[in-house]
Amino acid sequence: MLDDHQVPSRSDEAAKDGVISELASMGFDMSFCTEALTTEDMDNLSDSVLSLLDGKRATSESRQTFPSLRDIANTENITPLGATPSSLPCTGVPIPHPLQYGEKFDSTPVQPAQNTTCEASSQIVHAAKRGFHSMIDRENLSFDDLLVHAETALRKYFGLFSMKPFQIEAFQAWANNQDCLVLAATGSGKSLCFQLPALVTGKVVIVVSPLISLMHDQCQQLSRRGISACFLGSGQQDKSVEKKAMAGLYSIVYVCPETLPRLLNSLLDLACKRGIALFAIDEAHCISKWGHDFRPDYRRLSALREAFGAKTVQKNRVPIMALTATATDRVQLDIMKSLNIDIETTRIVQTTLFRPNLRFSVHHSKTQKSSSYKKDFKVLLDYYGCASDSSNQLDQFLNGSTSCSIKNGVNHMGKQCLSDKNYKLAYWASDKRPLEFEQIGRNQSMDIMMDGCHNEDEVEEEDEEVHGEENWEKDEDGNFNEVQEMANSTANSTAEGSQETQLTVDYLEDDDEDEAERLGGDFEVASNESLKDDGKFGGEGLSSQRSSSVVQNGPSIIYVPTRKETESIAKFLCQSGLKAAPYHAKSLEAYYQEAGRAGRDGHPSECMLYCDMTILPSLLPSQRDHEETQHALYMLNECFRYGLSTTKCRAVNLLKYFGENLTRSCKICDFCTTGPPPLENLTREAEMLLQLLLKLLENCGTPSLGRERLKRKRQDHHYSNMRNYQHAINQITECNKIPQRDNVWWRGFGRLLVDAGYLKESNSMKAYSRKSIVPHLRCPEVTAEGQNFLNKRRMGSLVTFSIHPEGDMIQAMLEPRLKHRSIISAQEWGRGWADPKIRRERLGRSKFSNRRPRERHQRKSRESKRYRQKL
Ligand SMILES: Nc1ncnc2c1ncn2[C@@H]1O[C@H](COP(=O)(O)OP(=O)(O)OP(=O)(O)O)[C@@H](O)[C@H]1O
């Protein structure tokens, strides 16, 4: 304090003037500084800054609400200026630094702090210089002014020159204090929509994100650009980070949905201190139970709108921005409803979800035995393993310099697409390369995500009694034990040769909690290196692989066989020296989301889907209500149909699922480059099947309308059995009328007859159909159109039924399962023995059958043996 009796000397005055002008240049109000420095004896810049930031003298309303920097310093034990300087662990994160007006444009992004320690004093002055004083209220500036600031920040921190139209739209919604739903493709730049408000206002943006690894990754990227950010959640081991975040020390705070409800009160405080510019809900599809990645904790985010909206005055209302790359119409509505944001006033910012640099393809493969894996995955192994001299045609095509000459299907794809070293399709993911790859000496590797669906082996079958079809499925696919054994033996033998490439396989599914437990610390503490894969695909390596490797560089290769097989195949690929992780997903949303992690740098990227269409996927038992089960089946069905399709551009197909009409084809997917399979004239097959179904229908009469329940049940049972689609197929195959077609082929054919309008699922069977996925035709009826077709044929018309076969039909023709097994009722089976032809056939089959007895029977006989011994 100035002593009343002491007359300030000229030199003191000059020093004070100097301090005042410094403070003014830092953005402090000139009269405010003058008043502060005349009432308090300060001619030292640091003391003055601290005193001003104490907040006692703040005059404007907004300033009074800011925390004093000293308070913040106290919360994190920062030694105030003037005390003995002490080193404190530097978080590597600059204290908030919103835009400084009039600052000279510098296009080079801000460099991160290099040192691991720094002094509190310099941190405080740094904060003061770049800090809270330049916070601005969104309401005080026009949208144009805000946009200018946003673009300045864009240049300064990101080295980018303009915002994309959808980013401007989202920014405008935020500027108008509007809630907003942003739907934009993966890698299109959604993050900027919520990062810019923090940089423009100097207030905090709270981002809710589902994955610790992604939060970690984003925090690292921001810190590299000089933007302070942290993440909070169970994975955050440094407990002081939460305290600092709630005191307003970070511009962008990532929070797990599980953690956010606990922080509500602290967030209210934070809103009153530094201010909260925005709540961003990243990967917002997790909110919806109709989405592919439902996280119940996301539902609790509705509390945000209550706490920061409904009851607060408009000025203090914090807008909410939900962002996702994969949301169907239903999911969009559910997101808004669940977040408690007004559907009428919420701005929906939607861009195309199309990713022109992703080349989608589907590969059909049976992969039931590990001994066949080498053959089944030849394309994949070649793709990453073989040298190619061919030019980068795909790249040239994408650049418009040549017309696409990729032809002849999947076998050539690898050669054509991987030759150029500029491709970011693949890279060595581990230093521990297998020898043969080393010898080839090219800088390629791969990341594979295996997408396992379930097959009917894994589902509880409620209507088994009625149809018995599931036995057939089980019989055909129930040889996993063998697969597993062989996989193990292959693994062991290969491991001997290349010990160092041995990789473990864990499931990615439900890894969030574990991952949260494993990752920890302030994001800046974890070095880039620690994110690199440690040779394992579980644990830290796993999450980082998802976020760093797969996300930025790797192709996304996804497999949809059974879940058990997924593991087995992943093991095999790992043993082959490729980096693979089984991943479980059950919908096109999940597939598109994961595939979208490839080619984020804009380079062409491969997204191969390997699938075994001879196995019908179905749901694992779970606690779903009826509606949820229906929806899960719908999603699974769409996934299956995508794999089956051979007549549409893959990108068009995928986007249609999200309600987007792509007006042009992608020109690079397998369909666009190779075209549909040749048209097949299947008139004879159609005629035979339709006639047979009509005949069966005539024989069994109409369903019972009798009163007695038992009688009706029996009659219905008989009725369904007789009209069972599989029953008709059995009759055709047992009579050996068209020997080269197997069950799988007929199943696909029935589906195409439904598509053509010749068949439909009977009403009485719709209840059963709902338990299965739609392509599984149960009890068909011949429609009027189908009868018309038959009549025309009978009258000698030349009408034909020609179609492009779908995936399962092609696969069945390549490797028919001619060892046909009947799926008829026990009664029918019994009657079959009376027919000498059928009897001969069955006996002939069993004579040559070398199938091992089923485990169930073995167990039964073991049990009875034990029982007999007891006796
Ligand atoms: N306006 C822009 N101009 C040029 N590049 C941009 C622009 N906005 C974002 N990008 C770039 O796009 C890339 C992807 O951005 P970002 O990670 O924000 O995508 P995203 O949509 O959030 O992805 P995801 O859906 O996977 O979370 C980044 O490299 C970023 O620099």
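Everything quoted here is computed from the prediction, not taken from an experiment. Note that ligands are numbered from 1 as they come in the structure, with each ligand's atoms numbered from 1 the same way.
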Pairs of nitrogen or oxygen atoms closer than 3.5 Å, one from Ser191 and one from ligand 1: do any exist? yes
Please determine whether a side-chain nitrogen of the Lys or Arg among Asp179 and Arg347 lies less than 4.0 Å from a carboxylate oxygen of the Asp or Glu. no
My understanding is that we take every heavy atom of each candidate and find the minimum distance to atom 3 (N) of ligand 1. Doing that for Pro165, Gly596, Ser162, Ser188, which one comes out nearest? Ser162
Does some non-hydrogen atom of Gly187 fall short of 4.0 Å from ligand 1? yes
Under 3.5 Å between some N or O of ligand 1 and some N or O of Gly189? yes
Between Asp334 and Lys337 (salt bridge meaning N to carboxylate O under 4.0 Å), is one present in this structure? no
Among Gln167, Lys164, Arg225, closest by heavy atom to atom 8 (N) of ligand 1 is Gln167
Do ligand 1 and Lys190 have nitrogen or oxygen atoms that lie under 3.5 Å from each other? yes
Taking only residues two or more places apart in sequence, or in another chain, which ones meet Thr186 in a side chain to side chain donor-acceptor pair (under 3.5 Å)? Arg355
Taking the six-membered ring for Trp and the full ring for Phe, Tyr or His, determine whether the centres of Tyr592 and Phe658 are under 6.0 Å apart. yes
Strictly under 4.0 Å, does any heavy atom of Ala185 approach an atom of ligand 1? yes
Excluding sequence neighbours, so at least two apart, what forms salt bridge (Lys or Arg N to Asp or Glu O under 4.0 Å) with Glu283? Arg597
Is it possible for you to check whether Arg317 lies under 6.0 Å from the centre of the six-membered ring of Phe308, through NZ or CZ, and within 45° of that ring's axis? no
Any N or O of Thr186 that comes nearer than 3.5 Å to an N or O of ligand 1? no
